[in-house]
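Notes follow the structure.
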Amino acid sequence: MIYRPSKLASTRRDFLLNVLPSGTLFCLGCGNLSAWTAGQEGQKALEKKHKFQEDSGMTVEGLLKYANETYVPILQTLANEVGREKFLDILRKASVENITQLVSAMTKDFPKRDLASFADMITSVLNSFPNNKMLTYEVVKKTEKVFEVRVTECLSAKLFREMKAEDIGISVFCYPWCDNPVSHAFNPKIKGSLPKNLMKGDDVCIARFVWEG
Amino acid sequence: MSHENPVEGRRRFLTEALPAGALFCLGCKSLAAGQKPKYLEDSGMTVEEVFKFAYGSLVPVMESIAKDIGREKLLKLLEKAGAENYSRMVTAMAKDYPNRDMKSFVKMMDGMMASTPIYQKSLAYEVTEFTDKVYEAKYTLCLPAKILREMNAADIGYALECSSSDAMVKAFNPKMKSTFVKNMMKGDTVCIERIVLAV
């Protein structure tokens with residue numbers, strides 16, 4: 001057996017520096033820390049995650065459905081209140097404002113504002129979670145003048161169409177992300193267009209960005 | 001080398017090889033690869049991340065709309081929208097409940113919580129009073145309140161999530177009334193929701 005030297009305070013200084021702070025920790029209400037004394041069970045209790053931090057157990061589709069079910073009915077009701085066309089205008093304006101802020105923040109350290117840098121930004125967004133699980137895409141053209149992406153699967157389009165809210169989906173996602181708002185936020189010399197759109201019922205999305213500098 | 005009976009071979013071809021070939025040829029790529037769509041994969045997200053994702057999509061848009069039409073007007077619209085949506089939800093959930101008493105209401109809400117794990121993990125509450133006329137619960141954890149207050153959008157959160165409480169109970173029974181004695185979205189340390197049935 002190995003005996004370790006006692007760590008009991010041998011001096012007044014040791015007591016003040018080591019034992020007293022530990023003692024106050026136990027005395028002054030730090031109930032969680034005192035669970036240490038309860039041995040392994042207590043330790044497990046300490047290590048147990050807060051339930052907000054537990055795994056949601058949701059698939060990517062479940063996640064997006066939950067988010068949509070949280071806000072699409074609200075947006076639908078607002079549209080009925082305000083008038084659909086007027087509300088969609090407001091929604092587009094709000095989405096453009098948000099994407100402009102987002103692109104500014106994302107690209108503040110980008111030294112170049114050419115089409116290649118823009119393409120890098122877009123592919124980085126497409127490859128990041130959860131977009132990488134929600135979209136299937138290929139870059140069909142990438143030159144100095146044209147950057148074109150073809151999306152063959154879009155979970156948002158599927159869900160918004162199922163909820164009969166494709167006009168809301170277009171205003172919140174397609175128009176800001178695949179048309180002029182995103183490209184102009186990066187560089188007004190890049191013109192965006194979306195000649196085909198899954199959200200509208202086309203078989204694919206084609207997002208095309210053209211350098212007009 | 002073995003030579004099969006041609007009739008037997010044809011039969012095997014029709015019953016075994018052709019269907020398998022057809023499966024590969026006729027476009028069932030996912031099945032052939034044994035893959036499920038990638039959006040059916042586990043998101044790997046915690047409960048808090050899911051709520052942040054949902055509110056993160058909604059709140060910035062709401063903030064921009066507030067600038068456009070005025071915050072007060074937006075909050076009134078959201079309260080109305082929230083009340084309508086939750087009333088619709090309760091009406092649908094309660095359609096098979098013949099009794100509209102307090103016990104049935106609590107049973108229905110408990111059932112909803114139990115069937116939606118993410119709700120269970122986003123709230124902690126204890127029932128502090130439960131009689132034929134009164135149901136009172138004290139919530140000590142509320143993830144929506146935490147996130148929306150962190151986003152400085154507690155007023156939007158209250159309009160969306162809390163203000164509809166009375167409309168929701170009235171959708172079950174118009175003689176019920178819900179009030180918040182305390183509310184975490186407004187900054188209290190706990191929520192106390194009191195539902196009273198006027199008999």
Side-chain angles (χ1 to χ4, degrees), chain A residues 49-82 86-87 89-102 129-136 153-156 158-159 168-169 171-173 176, chain B residues 36-69 73-74 76-89 116-124 141-144 146-147 156 159-161 164:
Chain A
K49 283 180 188 168
H50 188 286
K51 65 178 181 174
F52 295 170
Q53 303 308 324
E54 286 176 20
D55 189 346
S56 65
M58 278 184 166
T59 63
V60 176
E61 185 177 46
L63 165 74
L64 206 63
K65 272 189 176 171
Y66 174 76
N68 284 1
E69 282 162 10
T70 301
Y71 70 83
V72 171
I74 297 286
L75 298 180
Q76 294 278 33
T77 309
L78 290 181
N80 292 341
E81 278 298 316
V82 176
K86 189 178 172 191
F87 182 69
D89 275 345
I90 293 170
L91 209 51
R92 271 192 293 271
K93 200 173 156 190
S95 303
V96 169
E97 196 178 306
N98 286 320
I99 200 160
T100 304
Q101 280 170 8
L102 189 68
F129 182 83
N131 294 327
N132 60 344
K133 302 289 182 190
M134 287 162 44
L135 297 166
T136 304
E153 273 187 312
C154 172
L155 182 58
S156 286
K158 175 180 177 281
L159 297 180
I168 289 175
S171 303
V172 175
F173 295 114
Chain B
K36 55 183 180 182
K38 56 186 177 177
Y39 53 76
L40 293 180
E41 290 172 18
D42 192 335
S43 69
M45 289 168 90
T46 65
V47 175
E48 184 162 347
E49 285 167 342
V50 168
F51 275 78
K52 281 188 173 170
F53 178 81
Y55 289 128
S57 309
L58 176 66
V59 171
V61 173
M62 289 299 134
E63 292 287 359
S64 296
I65 294 174
K67 277 187 215 159
D68 197 314
I69 66 171
K73 188 175 176 189
L74 174 72
K76 281 205 171 71
L77 286 171
L78 286 180
E79 281 178 15
K80 195 172 175 197
E84 270 182 44
N85 287 323
Y86 280 111
S87 298
R88 263 202 303 269
M89 186 185 84
T116 318
I118 197 156
Y119 290 159
Q120 291 173 32
K121 291 179 180 177
S122 65
L123 298 168
L141 286 176
C142 174
L143 186 53
K146 176 181 180 284
I147 292 172
I156 289 174
L160 275 175
E161 305 288 1
S164 49

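Quick note on labels: first sequence line is chain A, next is B, and so on, each numbered from 1.
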Has [X] got a side-chain atom pairing as donor or acceptor with [Y]'s backbone, closer than 3.5 angstrom?
| X | Y | value |
| --- | --- | --- |
| A/Lys133 | B/Asp42 | no |
| A/Lys51 | B/Gln120 | yes |
| B/Lys38 | A/Leu135 | yes |

If we only count heavy atoms from C-beta on, is the [X] to [Y] side-chain gap below 4.5 Å?
| X | Y | answer |
| --- | --- | --- |
| B/Lys67 | A/Glu97 | yes |
| B/Ile65 | A/Phe87 | yes |
| A/Phe52 | B/Leu141 | yes |
| B/Phe51 | A/Ser56 | no |
| A/Leu78 | B/Leu78 | yes |
| B/Met62 | A/Tyr71 | no |

Can you say whether [X] sits under 4.5 Å from chain A via the side chain, the backbone, both, or neither, judging by heavy atoms?
| X | value |
| --- | --- |
| B/Leu160 | side chain |
| B/Glu41 | both |
| B/Pro117 | neither |
| B/Ile147 | neither |
| B/Leu143 | both |

Where on [X] is there a heavy atom nearer than 4.5 Å to chain B: the side chain, the backbone, both, or neither?
| X | answer |
| --- | --- |
| A/Asn68 | neither |
| A/Glu54 | both |
| A/Lys158 | side chain |
| A/Pro130 | side chain |
| A/Ile74 | both |

To the nearest 0.5 Å, what is the distance between [atom1] on [X] and [atom2] on [Y]?
| X | Y | atom1 | atom2 | answer |
| --- | --- | --- | --- | --- |
| B/Thr46 | A/Gln53 | OG1 | CD | 5.0 Å |
| A/Ile90 | B/Ser64 | CD1 | OG | 11.5 Å |
| B/Glu48 | A/Lys49 | CD | NZ | 12.5 Å |
| A/Glu81 | B/Glu84 | CD | CD | 6.0 Å |
| A/Thr77 | B/Asn85 | OG1 | CG | 4.0 Å |
| B/Leu58 | A/Leu75 | CG | CG | 6.5 Å |

Query - Distance-minimising heavy-atom pair for A/Asp55 and B/Met45 - result: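 Closest heavy-atom pair between A/Asp55 and B/Met45: OD1-O, 3.4 Å.
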Requested in this report: Would you name the heavy atoms of A/Thr59 and B/Tyr39 that are closest together and state the gap between them?
Outcome: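 Nearest pair, atom of A/Thr59 first, then B/Tyr39: CB-O, 3.8 Å.
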Report task. Could you have a look at B/Gly82, B/Ala54, B/Gly44 and say which one has the most heavy-atom pairs with chain A under 4.5 angstrom? Result -> B/Ala54
